[in-house]
Amino acid sequence: MLDRLQYVKQRFDEISDLIIQPDVIADQKRYVQLNKEYKDLKALVDKRDEYLNVLGNITEAKEIISDGSDAEMTEMAKLQLEEANGRLPQIEDEIKFMLIPKDAEDAKNVMVEIRAGTGGDEASIFAGDLYRMYTKYCENRGWRTSVVDLNEGTSGGFKEIIFEVTGEDVYGTLKFEAGVHRVQRVPQTETQGRIHTSAATVMVLPEAEEFDVQIDMNDVRIDLFCSSGPGGQSVNTTKSAVRMTHIPTGLVAQCQDEKSQHKNKDKALTVLRSRLYEMELAKKQEEDAAKRSSQVSSGDRSAKIRTYNYPQGRVTDHRIGLTLYDLDNVMNGAIQKVIDELQLVNNTEKLKEASEVI
């Protein structure tokens, strides 16, 4: 482990020198990548320093105990040795997890798309509940959310809503939320009091930078139309809403959230770029899935991943068999425990693979 940590320290020192070089600063793509690597490695270097300090305390304590000439110092050394020996395995486990290579996309911002599935009006209401759950969670994390496009349901909620999330390590945190979410409850639209099952699909797309995906605008058809929904006097009078169609792939992105046509074009282009990037990423994930069968794969959009059971106040994540009887808090954004468990399982799988390679 010390050899690997020494390599990390060498790479950290190398990047520290690189990111202040004028030619690197001038190359935006390389500068952003190196800054991200610097930040990731700094956490490891700090943990390495802590690890070396604990090893040093163990060596020092053993020397004092071996000498034994000062009874008081020997007693203090024994306490120091006990504390250091207790901390050492914890640090080693933390370092092992930190040494697991992160996915390149994990630091990216995301586009989240929530679509009502089976269940009619109730599915739209549930899609609205999921949107509220995620925005509450993002607010608690200090992340910013911004609606890109929406299509409201006839009885509340959304047939579809797309929103952007910006912050730190957003994709790495939210990527396992992708899939089919199922709700079991008495619908607001049901007069007989029977429990229905409805569903909504969540997609989490890493937001592509311009240098991730190059789009030839000659391949894009742009249609302008009037906004529908909230927006004041400009609604249905000004063609500010924008729809972009990428002709080679047939992918479509639109935005009508902003009153400015220019801003809507920028947002629609961001969505289109992210969808193209995600399409390539999905191919890679399929290839990876062929090599390893992960419990918490973020690639299968059709997989039923979670059930929200209102009569029992229960939330169950089917991939890892986690059940929480804390539905009210979960729907108010308290999903960190679920995300932590999903990330733990994923990292444990990666750690096992790394051990097998070694």
Side-chain angles (χ1 to χ4, degrees), residues 1-25 30-108 141-142 167-173 175-176 292 294 296 336-337 339-358:
M1 184 178 285
L2 283 172
D3 290 341
R4 293 181 71 183
L5 289 174
Q6 182 57 32
Y7 170 76
V8 167
K9 179 67 166 63
Q10 289 172 353
R11 178 61 179 162
F12 177 74
D13 291 341
E14 181 185 344
I15 291 174
S16 300
D17 291 336
L18 281 172
I19 57 176
I20 59 174
Q21 301 299 324
D23 59 325
V24 172
I25 295 170
R30 190 179 180 208
Y31 182 69
V32 168
Q33 290 172 338
L34 286 173
N35 261 294
K36 171 67 175 66
E37 189 177 355
Y38 174 88
K39 183 180 171 185
D40 290 342
L41 291 180
K42 187 178 187 313
L44 250 175
V45 169
D46 290 345
K47 189 63 66 175
R48 168 187 175 271
D49 292 343
E50 184 183 353
Y51 183 55
L52 291 176
N53 184 54
V54 170
L55 289 176
N57 288 344
I58 290 173
T59 300
E60 180 186 39
K62 284 181 176 178
E63 287 174 355
I64 293 171
I65 293 168
S66 177
D67 177 76
S69 58
D70 187 322
E72 188 176 343
M73 286 290 290
T74 300
E75 195 59 37
M76 289 176 63
K78 286 179 180 177
L79 291 172
Q80 178 178 305
L81 182 62
E82 183 181 354
E83 182 183 344
N85 279 331
R87 178 68 181 127
L88 190 64
Q90 295 174 356
I91 297 180
E92 288 176 342
D93 285 343
E94 289 167 8
I95 289 172
K96 284 177 186 175
F97 276 117
M98 293 175 79
L99 284 170
I100 297 169
K102 287 188 175 181
D103 293 336
E105 296 79 22
D106 282 359
K108 291 182 179 293
R141 290 290 300 253
E168 190 172 320
D169 293 327
V170 178
Y171 183 68
T173 305
K175 62 184 177 181
F176 298 125
R292 60 192 279 261
S294 171
V296 290
Q336 190 62 55
K337 181 172 176 55
I339 288 172
D340 287 344
E341 292 294 327
L342 289 164
Q343 289 180 326
L344 178 61
V345 169
N346 186 59
N347 284 342
T348 302
E349 288 175 352
K350 283 185 175 181
L351 187 61
K352 183 180 177 184
E353 287 172 20
S355 301
E356 288 171 355
V357 170
I358 293 169

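Please read all numbers here as calculations on a predicted model, not as lab measurements.
- Residues Ala107 and Asp169 approach most closely at CA-OD1, 3.6 Å, considering heavy atoms.
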Can you check side-chain contact (heavy atoms from CB on, under 4.5 Å) on Val8 and Arg48, steps first, answer last? CA-CA 9 Å; Val8 167; Arg48 168 187 175 271; 6.0 Å; no
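- A donor and an acceptor atom, one from each side chain of Gln33 and Arg30, are nowhere located under 3.5 Å apart.
- Rounded to the nearest 0.5 Å, atoms NZ (Lys337) and CG (Asp340) are 8.0 Å apart.
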If you apply the rule side-chain contact (heavy atoms from CB on, under 4.5 Å), what do you find for Glu60 with Gln80, and how did you get there? CA-CA 9 Å; Glu60 180 186 39; Gln80 178 178 305; 3.3 Å; yes
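- Across every non-hydrogen atom of Ile58 and Ala84, the tightest pair is CG1-CB, 3.5 Å.
- Looking at Glu349 and Asn346, their side chains come closer than 4.5 Å, going by heavy atoms from C-beta outward.
- Atoms CG and CG, from Asp49 and Leu5 in turn, are 10.0 Å apart once rounded to the nearest 0.5 Å.
- Taking 4.5 Å as the limit, every side-chain heavy atom of Glu168 sits out of range of all side-chain heavy atoms of Thr173.
- Interatomic distance, Asp13 CG to Leu41 CG, rounded to the nearest 0.5 Å: 10.0 Å.
- Across every non-hydrogen atom of Leu44 and Met98, the tightest pair is N-CE, 3.6 Å.
- Leu88 is listed as a side-chain neighbour of Leu55, based on a closest heavy-atom distance under 4.5 Å.
- Taken from CD in Glu14 to CD1 in Ile19, the straight-line distance is 11.5 Å, to the nearest 0.5 Å.
- Note that CG of Asn57 is 9.5 Å distant from CG of Leu81, once rounded to the nearest 0.5 Å.
- Partners of Lys42 under the salt bridge (charged side-chain N to carboxylate O under 4.0 Å, His left out) rule, at least two apart in sequence or in another chain, are Asp46.
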Evaluate the side-chain contact (heavy atoms from CB on, under 4.5 Å) criterion for residues Lys96 and Asp93: first the C-alpha distance (whole Å), next the side-chain angles of each, then the deciding distance (0.1 Å), finally the verdict. CA-CA 5 Å; Lys96 284 177 186 175; Asp93 285 343; 4.2 Å; yes
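- The environment of CD in Gln6 is crowded: more than 12 heavy-atom neighbours from other residues, nucleotides or ligands sit within 6.0 Å.
- Counting only N and O atoms by type, the side chains of Asn347 and Gln343 include no donor and acceptor under 3.5 Å apart.
- Taking Lys78 as the reference, nothing meets the salt bridge (charged side-chain N to carboxylate O under 4.0 Å, His left out) condition, with sequence neighbours excluded.
- The main-chain N or O of Phe12 is found under 3.5 Å from a side-chain atom of Ser16 such that the two form a donor-acceptor pair.
- Atom CD of Gln21 sits in a crowded spot, with more than 12 heavy atoms from other residues, nucleotides or ligands closer than 6.0 Å.
- Between Lys36 and Val32 the shortest side-chain heavy-atom distance does not fall below 4.5 Å.
- Counting all heavy atoms, side chain and backbone alike, Ala77 lies closest to Ala61 at O-CB, 3.4 Å.
- With rounding to the nearest 0.5 Å, the separation of OH in Tyr38 from CG in Leu18 is 12.5 Å.
- The 12-atom threshold is exceeded at CD of Glu92, counting heavy atoms of other residues, nucleotides or ligands nearer than 6.0 Å.
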Before giving the answer on side-chain contact (heavy atoms from CB on, under 4.5 Å), spell out for Asp67 and Thr74 the whole-Å C-alpha distance, their side-chain angles and the decisive distance to 0.1 Å. CA-CA 8 Å; Asp67 177 76; Thr74 300; over 6 Å; no
